[in-house]
Visitor: 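Have a look at this one before I ask anything.
Reckoned from all heavy atoms, side chains included, excluding hydrogens, waters and symmetry mates.
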Amino acid sequence: MRNYLISDVLEGQAKIQSKVDKIAYLRKMNSAPLRDILRMNFDDGVVTTLPTGAPPYKKDDMPDGMNYATLQNQYRKFAYFFKGKYSNMNPIKRESLFLEILESIHPSDAEVFIAAKDKNLKYKGLTKKLVIDSFPNLIQK
């Protein structure tokens, strides 16, 4: 399966009317990066170590599917940006790594990553309750 964009998945669920169908769709599109994005947005226990907002970065201008990287293959680095194991990481190094990821992925996924980090994902019908119903045990707080 192609490394689909997380933004496409979130836009796809926004077009679905029924909650049952939304849940089925999210479960069908289930991936570790999708769950991590949803968890960082909705779980109050996930706290970022990055400044709020979008840093100045050069958006990747490659056509969809030709991007150097995707959130699908960069999600393993998410832990560097939240309180926990890497909390003591040099802030300059952390922000450089964040910029590197943003500049290498599709611009719509970069926007999703920034919004989720700031707990500000805005997609029609995407709620904490929907995420809990779709992925029980994902949200801890």
Side-chain angles (χ1 to χ4, degrees), residues 1-55 57-141:
M1 177 189 264
R2 165 175 112 71
N3 279 335
Y4 52 83
L5 299 175
I6 300 298
S7 56
D8 287 346
V9 173
L10 298 176
E11 288 169 12
Q13 76 74 39
K15 295 175 185 172
I16 299 170
Q17 299 300 316
S18 147
K19 181 179 178 182
V20 170
D21 292 342
K22 283 180 181 283
I23 291 169
Y25 175 76
L26 287 173
R27 287 180 178 168
K28 176 184 173 202
M29 301 307 291
N30 183 16
S31 67
L34 174 63
R35 289 190 313 272
D36 279 355
I37 288 290
L38 294 172
R39 192 166 61 85
M40 73 175 70
N41 188 74
F42 290 110
D43 192 330
D44 294 331
V46 177
V47 179
T48 186
T49 52
L50 291 166
T52 303
Y57 69 99
K58 182 182 179 300
K59 293 182 179 181
D60 184 15
D61 57 3
M62 294 297 287
D64 182 19
M66 302 297 287
N67 305 82
Y68 170 72
T70 66
L71 280 180
Q72 298 285 351
N73 61 23
Q74 294 293 309
Y75 87 95
R76 288 179 179 89
K77 297 176 185 172
F78 288 0
Y80 293 115
F81 311 119
F82 298 91
K83 288 191 177 177
K85 185 176 181 181
Y86 301 104
S87 290
N88 293 329
M89 182 179 190
N90 178 314
I92 303 297
K93 184 174 181 176
R94 176 182 294 119
E95 290 175 34
S96 295
L97 181 58
F98 185 59
L99 280 173
E100 184 181 301
I101 292 172
L102 294 179
E103 291 179 347
S104 67
I105 62 177
H106 192 278
S108 63
D109 267 5
E111 290 172 17
V112 163
F113 192 18
I114 292 165
K117 159 191 79 75
D118 292 340
K119 301 195 179 296
N120 197 26
L121 273 179
K122 303 281 189 218
Y123 286 89
K124 180 182 175 190
L126 186 64
T127 64
K128 187 173 189 173
K129 173 98 171 85
L130 176 68
V131 172
I132 290 169
D133 290 346
S134 300
F135 306 110
N137 305 320
L138 179 66
I139 310 284
Q140 304 301 313
K141 293 183 181 183

Visitor: Begin from the C-alpha positions of Val9 and Tyr25 and carry the test side-chain contact (heavy atoms from CB on, under 4.5 Å) through to its verdict.
Guide: CA-CA 9 Å; Val9 173; Tyr25 175 76; 4.0 Å; yes

Visitor: Picking from Glu95, Arg94, Lys83, what satisfies side-chain hydrogen bond (donor to acceptor under 3.5 Å, both in side chains) with Thr49?
Guide: Arg94

Visitor: With a cut-off of 6.0 Å (strictly less than), are more than 12 heavy atoms of other residues, nucleotides or ligands near NZ of Lys128?
Guide: yes

Visitor: Compare every heavy atom of Gln140 with every heavy atom of Asp43, then report the nearest pair and how far apart it is.
Guide: OD2-N, 2.8 Å

Visitor: Check whether any side-chain heavy atom of Lys117 lies under 4.5 Å from a side-chain heavy atom of Phe81, and answer yes or no.
Guide: no

Visitor: Taking only residues two or more places apart in sequence, or in another chain, which ones meet Glu11 in a salt bridge (charged side-chain N to carboxylate O under 4.0 Å, His left out)?
Guide: none

Visitor: Are the side chain of Gln13 and the backbone N or O of Lys22 linked by a donor-acceptor pair below 3.5 Å?
Guide: no

Visitor: Let's go through Leu71 and Phe78 carefully: what are the C-alpha distance in whole Å and the side-chain angles of both, what is the deciding distance for side-chain contact (heavy atoms from CB on, under 4.5 Å) to 0.1 Å, and is it a yes or a no?
Guide: CA-CA 10 Å; Leu71 280 180; Phe78 288 0; 3.8 Å; yes

Visitor: Could you tell me the separation between the NZ atom of Lys129 and the CG atom of Asp133, rounded to the nearest 0.5 Å?
Guide: 3.5 Å

Visitor: Count the heavy atoms of every other residue, nucleotide or ligand shown that sit under 6.0 Å from CG of Asn88, and state whether that count exceeds 12.
Guide: no

Visitor: Give, for atom CG of Asp109 and atom CD of Gln72, the distance between the pair rounded to the nearest 0.5 Å.
Guide: 8.0 Å

Visitor: Is a side-chain N or O of Asn41 found less than 3.5 angstrom from the main chain of Leu38, in a donor-acceptor match?
Guide: no

Visitor: Search all heavy atoms of Leu102 against all heavy atoms of Pro55 and return the closest pair with its distance.
Guide: CD1-CG, 3.7 Å

Visitor: Mark yes or no for whether Asp118, through its side chain, and Thr52, through its backbone, hold a donor-acceptor pair below 3.5 Å.
Guide: no

Visitor: Is Leu126 close to Val131 at the side-chain level, that is, under 4.5 Å between some pair of heavy atoms?
Guide: yes

Visitor: I'd like to know if the side chain of Thr70 reaches the main chain of Leu5, judged simply by a donor and an acceptor atom lying under 3.5 Å from each other, with no hydrogens or angles considered.
Guide: no

Visitor: Could you check if a side-chain atom of Lys119 sits within less than 4.5 angstrom of a side-chain atom of Val46, using non-hydrogen atoms only?
Guide: yes

Visitor: Please report the C-alpha distance between Met29 and Tyr4 in whole Å, then the side-chain angles of each, then the deciding distance to 0.1 Å, and finally whether the side-chain contact (heavy atoms from CB on, under 4.5 Å) criterion is met.
Guide: CA-CA 9 Å; Met29 301 307 291; Tyr4 52 83; 4.0 Å; yes

Visitor: Check whether the ring centres of Tyr80 and Phe98 lie less than 6.0 Å apart, and answer yes or no.
Guide: no

Visitor: Measure from the side-chain N and O atoms of Lys124 to the backbone N and O of Ala14, and report whether any donor-acceptor pair falls under 3.5 Å.
Guide: no

Visitor: For Leu97 and Tyr86, what are the C-alpha separation, side-chain angles and deciding distance, and is it a side-chain contact (heavy atoms from CB on, under 4.5 Å)?
Guide: CA-CA 13 Å; Leu97 181 58; Tyr86 301 104; over 6 Å; no

Visitor: Is it the case that the side chain of Arg27 and the backbone of Ser134 share a donor-acceptor pair, with hydrogens and angles ignored and the cut-off at 3.5 Å?
Guide: yes

Visitor: State the CG-CZ distance between Asp36 and Phe82, to the nearest 0.5 angstrom.
Guide: 8.5 Å

Visitor: Atom CG in Leu130, atom CZ in Phe42: separation rounded to 0.5 Å?
Guide: 8.0 Å

Visitor: Check for a donor-acceptor pair, side chain of Glu111 on one end and backbone N or O of Ser108 on the other, with a separation under 3.5 Å.
Guide: no

